[in-house]
Each structure stands twice: as C-alpha cells, then as structure tokens.
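The structure under discussion appears below in the form of structure tokens.
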Amino acid sequence: MRKFLFAFMVGLLVSAALSAQEKSEVASEPAMQYTPSLDVNAMDKSADPCVDFYQYSCGGWKKTNPIPPDETSWSVYAKLYEDNLNFLRSILEEAARNPQRDAVAQKIGDFYGACMDESRVEQRGLSAVQPDLDAIAQLQSTQQITPLLTRLQFTYGRTILFDQGSTQDPDNSEQQIAALDRGGLGLPDRDYYLKEDAKSKETRQRYLEHVAKVFALMGEAPESAKQDAATVMRIETILAKAQLPRVDRRDPYKLKHKMNLADLERLAPAIRWAVYYQKLHYPGFQIVNVAEPEYFKQVSKELASEPLANWKRYLRFHVVDSSSPYLSSKFVDENFDFYRQYLRGAKEQQARWKRCVEWTDRDLGEALGQVYVKKVFPPELKASTLDMVRGIEDAMAERIRELDWMSPETKQQALTKLAAVRNKIGYPDKWRDYSSVVIARDDFTGDVERAAEFERRRDINKVGQPVDHGEWDMSPPTVNAYYNDEMNDINFPAGVLQPPLYDAKMDDAPNYGDTGGTIGHELTHGFDDEGSQFDAHGNLRNWWTKADRAKFDTRTKCVQDQYAQYVAIDDIHINSKLTLGEDVADLGGEILAYMAWKDATKDKQLQSIDGLTPDQRFFVGFAQWACSNDRDEDLRVRASTDPHSPPQYRVNGVVVNMSEFSKAFSCKVGQPMVKPEDKVCRVW
Ligand SMILES: [Zn+2]
C-alpha cells in the first residue's frame, strides 16, 4: 500500500480559516475545501533543490503546518483526510438530524448520533463489556477457554490470542479458504517485548503501568493490579517470542501452511478446534491456512501449562483494553494516555466528533461512502483518473519491453500479469448491504459490536466460496490506495483522487507527478520483491527464469542498500528489508508517471508557470504529496512497524535515481541529489 498512514490517522480541529465563500458553501450544501495540487507557497525557494529536494518542495509547508496537538503527525495526506472528516461530519449530522431519511442515511445517522451521545456512554461505564467479564469469571477450566474465545474474538475486531477468518487460497486464488493468523499482543510489535535497548525497556515499563491502570479502573486494588499486569506481560512475552519478525512476513512462502483440521489439531491440541469452528458456524471446509504454525504451537503449549487464574487475568485485560475507546471517559483517557500520547506523541485527545466520524467510516464505510461519492466523485472524475491509470499501464508495458536485463520469456510473463491487473477506481460497483445490521440510536457500544459481528460473519461466510473481485478493502472516503497481490488489482478510493492530490483544475505536470506516481506505485507493487512472486491470477507461483530472478534481486538489493543508510530517528536507521517493497514501488511509480506524462503531453506546448518549467512542476508536484511534520515518538513506532520509509526519503531517495530530475534542475554529479551513474538504482 502506498502512503498508508495509520488507521487512526486524523486531522486537527475544524479549520479556523475558512474563506467567506467557503463559509457560505458550508451553510448551504457541504463542500470539500480546495487546496491546489502544486502550491508554490509550500516550497522553500531558499533551499537548493540539488542539495535537499524535499526541503525545496516542502519547506514552506512544514513551516506553516505545525502538527495539531491531537495529531501524531501531520501531512498533506492527513490534511486532506481532515478535510474529508469535516465534510463527512456534515453529511452525518444532517443524516442524524433529518427524520425523513432513506435506509442508508438512517443507518449512518443513527450510528453517528449514538456515538455522539457521550452522556449515555458515560453512564454505562464498563457495563457494555460486563457480560464478557462475567463469562471469564465463570470459567472452570482452561478447556473452557476455546468456546469462550469464539465470543470474545467476535466483537470489537479483537484478535485475542489469535486471528481467524477467510483468505484466498495461495495456490488457487479464485477460491476462499479458512485462515488463522497470530494475535494476542498489546504492544505494536513483537520486537517491543524482545529488544534490550533503553527505550524498549522504558516502553515495557510504561506498558506494565498501563496494564495495571486498566486493572485498577476495573476496581482492583493497586497491589494486585500490579501483579496482574506482570502476569499479562509475562504471557505476552512468551507469545511474542513465537511470532515471526515483520520482515519475515514479507516472504509469502513463510506464511503459507495449508493443512486440514486433523493437522491443525495435532499442531495445537489445546485449542479445541472442532468446537471452535462449530461455535463460530463456519461453513464446512477442507483446508485452513495457518500463517504462523510456530505461534499456534506456542499458544497451545501455554494453554496447557499456564494456570487458569492467569488466563483469566490475560483475558480480562484484553477484553477491556480493546474496548476502551468505546467505554466511559476514564477508559478512553487511559487508552489515549498510553497508546496515542506516550507511544506516538499526541498532546491532546481528538474531539469526539472526529472519532465518531472515523468509526462510522470504519464500521459502515460503504453506506457513508455512497453519500460521499455522490457529492465528490462525478463520472467525469472517474473517467479522467481511469485515463491516467491506463496511460501508466501503457508506460509499464513499454518499460517491460525495453528492459535490458530481462529475458524475453520473463518479459512475456510480466506483460501477461500486467494485462491482467484489474483497475478499481473510486468506489465498488456493488455496495455492501448493511440492512441486516441493527443500529440503535441509544446503544453505541451495541452498534459497534453488531457492526463488527456483521463484518466477521461476512468474512467467515466467504470460506468455500469463489472470490468476489468487486470487493474493496478500503472505504470510498479513505485517503489511501492499495495493490492486492492475490487479487492482482489496484484500488484507488474516491478520497485519494481529490485536490491537492488529484486536481482537475491544474495542469498535467503536478497531477502526473503526484497521482500518476501513486498509480505507478500501486502498479509496481505487483512487481516488487513480494508482489513479483504472485502470477497474473494472484497465485503464489514462480514465473521468472532463474537468471532473471537473480538479476532482479541484485537490482532490489541496490535499493535496499541505499535506504539502509538513511536515519529514521535518533540512531535508528531505516529497516530497509521491511521497507523494500515500498521503496521499489516509489521509484518505479515515479519513473512510470514521468513516461506517461511525457506521452500524454507529447502534442502540447507546455509552458513554464510560476517560474517553474513543466519538468520542474512534475517533480515538485510529486514531492508535495509527501510534505509532512512528524513527532519523534511516532517516527520511532513507525521505524519498527511501518513498511514505508519516512517522507523525506520517499522523495529524495527517488529523485537521486532519476536523471530526468537532475536534468530538470541542472544538478551536477557530486551534489547530494545526484548519484554517480554507476550507483543509480533502477528495478523497473
Ligand atoms: Zn505501497
């Protein structure tokens, strides 16, 4: 995925600086704010583009866009997302107010209205999860944990102990099979439990305090809360040790372990799988893919050896911790204090309306999305962005044909895969039907629970069914895009095709530099170190000759070595094995965008605008997608969890490999933004 920020990424409080015209628009019909795709005021012209192109393109933006106190980082993407939230808020408030509503408006309006009814949420305190806590208290043996898990995992998107659902069969991508994956931790990654540096130790200490506070909020005395926290930490550390490092999870073969139920029972006998699947009403199935068998082995061992009383502590904590954002304010505050403030550096909690808009989008995204696209994504926009996608795909075909390092056989396979890529633009052709989800205006936690149940059920029911290629993993208002290896499709929600990223009022240069680059990025994912292992149908199958693969690996290694030199924060370098796919996609994407732009404008007389040549506008347009300010805390979390490099390297790390760039700005070899020819990395 490109430019994936974070699930809880959002923007600042309502912009104080609406122009008079914008104000009147808000009063009548809600409209998105307009920001141009290339903004010369966002540049720092005192910087030398050949020394630090990111600073040259984004220096002005960085100065005038400090991180809002409720945010963990701030960027062009986050700002657009913030504009989206404001816009969606007006849609939801209207839907919540208006009694003459259609079924869709009623659903989203009631969900949002229930969420905003903070006094009712406050009154309820912990009661929404009390039945789960009672059920845990009543456990008589560890044998009984399995049937209880089916209930605890089913709500609030919890992955207590492990995650379950459906997935495409890696060997037959048209078929859905059952899937099991790891889960069970409260910190963002296994490494947090295992690293011995001072910062990691401090984080573990703070996490222990957080767990103890959650127990205290449930009513425990301080001393026993502390002991219980130590137990939770000990169990999680055992689980963390059995998990694969993130880098290993980028190898799809390391996640492919298909087995039948009998194999699974042998692998993890302490989990009563027959009971588990029966209680979850799984459709009958032959095969389940267990992404991390070693992890399940360990869970089983722990279930057999850890005393029941300790499991009760572990389960109680995870039930309440995962539900905390939806409970009364003391739980919300503690959740914020640890996860957003301590771990990521936010200074303030987000306004409730923002969280409510986000949750509506998460839980009823294709209902909210229907209203959203009607207002912001007219057919002309869909047509023009689809044109651009096709132009980028043509450029990719040309690139493949021209590659001097690849044999004709592998080229043919690559072209076949490229031709099979499905383009999904804006929103799904068929909307998800939420009519069976009961949404009650006076029951927010119940709404969240029922919406999560609907999603889980939908996911489980796919087992044994053919794949639905029309399905989307992101809602239409999402400001992000993705490529899916097993679907072999590229997906661009309407939210990412808005100004300043795609700007119908602007000339082609910045649009190709920015959105063209995003399209090229997603397309290149099909051919990065990971995606290139899947074929045209999305099956995990090698389509490379041995010699070509070796040459490909040498080329990606060039990118990996380049990014390994960059510092993410303090003395932490980029883990460039983790970011390799994204870095390769960033570079490939921009090369394709440049080619497609040249082709689309070959008959036009392009002019300089605002003192920038057309080529300079292309590159500044590209760089300005990435303008951002980051907090140290957030950079630290991302250094171990985010497969994307920090923003400045996503710009400077690309242009150093493009002679088109150095030509555009007359940069010379020896300057920081120009690599000597023999050091230039090019994969696609
Ligand atoms: Zn990506």
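Quick caveat, the model's predicted, so the values are computed rather than measured. Ligands are counted one by one from 1 in listed order, and the atoms in each one are counted from 1 as well.
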For atom NZ of K256, decide whether the heavy atoms of other residues, nucleotides or ligands shown that lie under 6.0 angstrom number more than 12.
-> yes
Counting only heavy atoms not in K598, do more than 12 sit closer than 6.0 Å to its NZ atom? yes
* Asked: Take atom NZ in K551; do more than 12 heavy atoms of anything else shown fall under 6.0 Å from it?
  -> yes
The Zn ion (ligand 1) has as its nearest N, O or S atom from E582 the atom OE1
Which of R682, K675, K679 passes side chain to side chain donor-acceptor pair (under 3.5 Å) with N657? Answer is K675
Of all the N, O or S atoms in H525, the one nearest to the Zn ion (ligand 1) is NE2
Do any of the N, O or S atoms of H644 sit under 2.8 Å from the Zn ion (ligand 1)? no
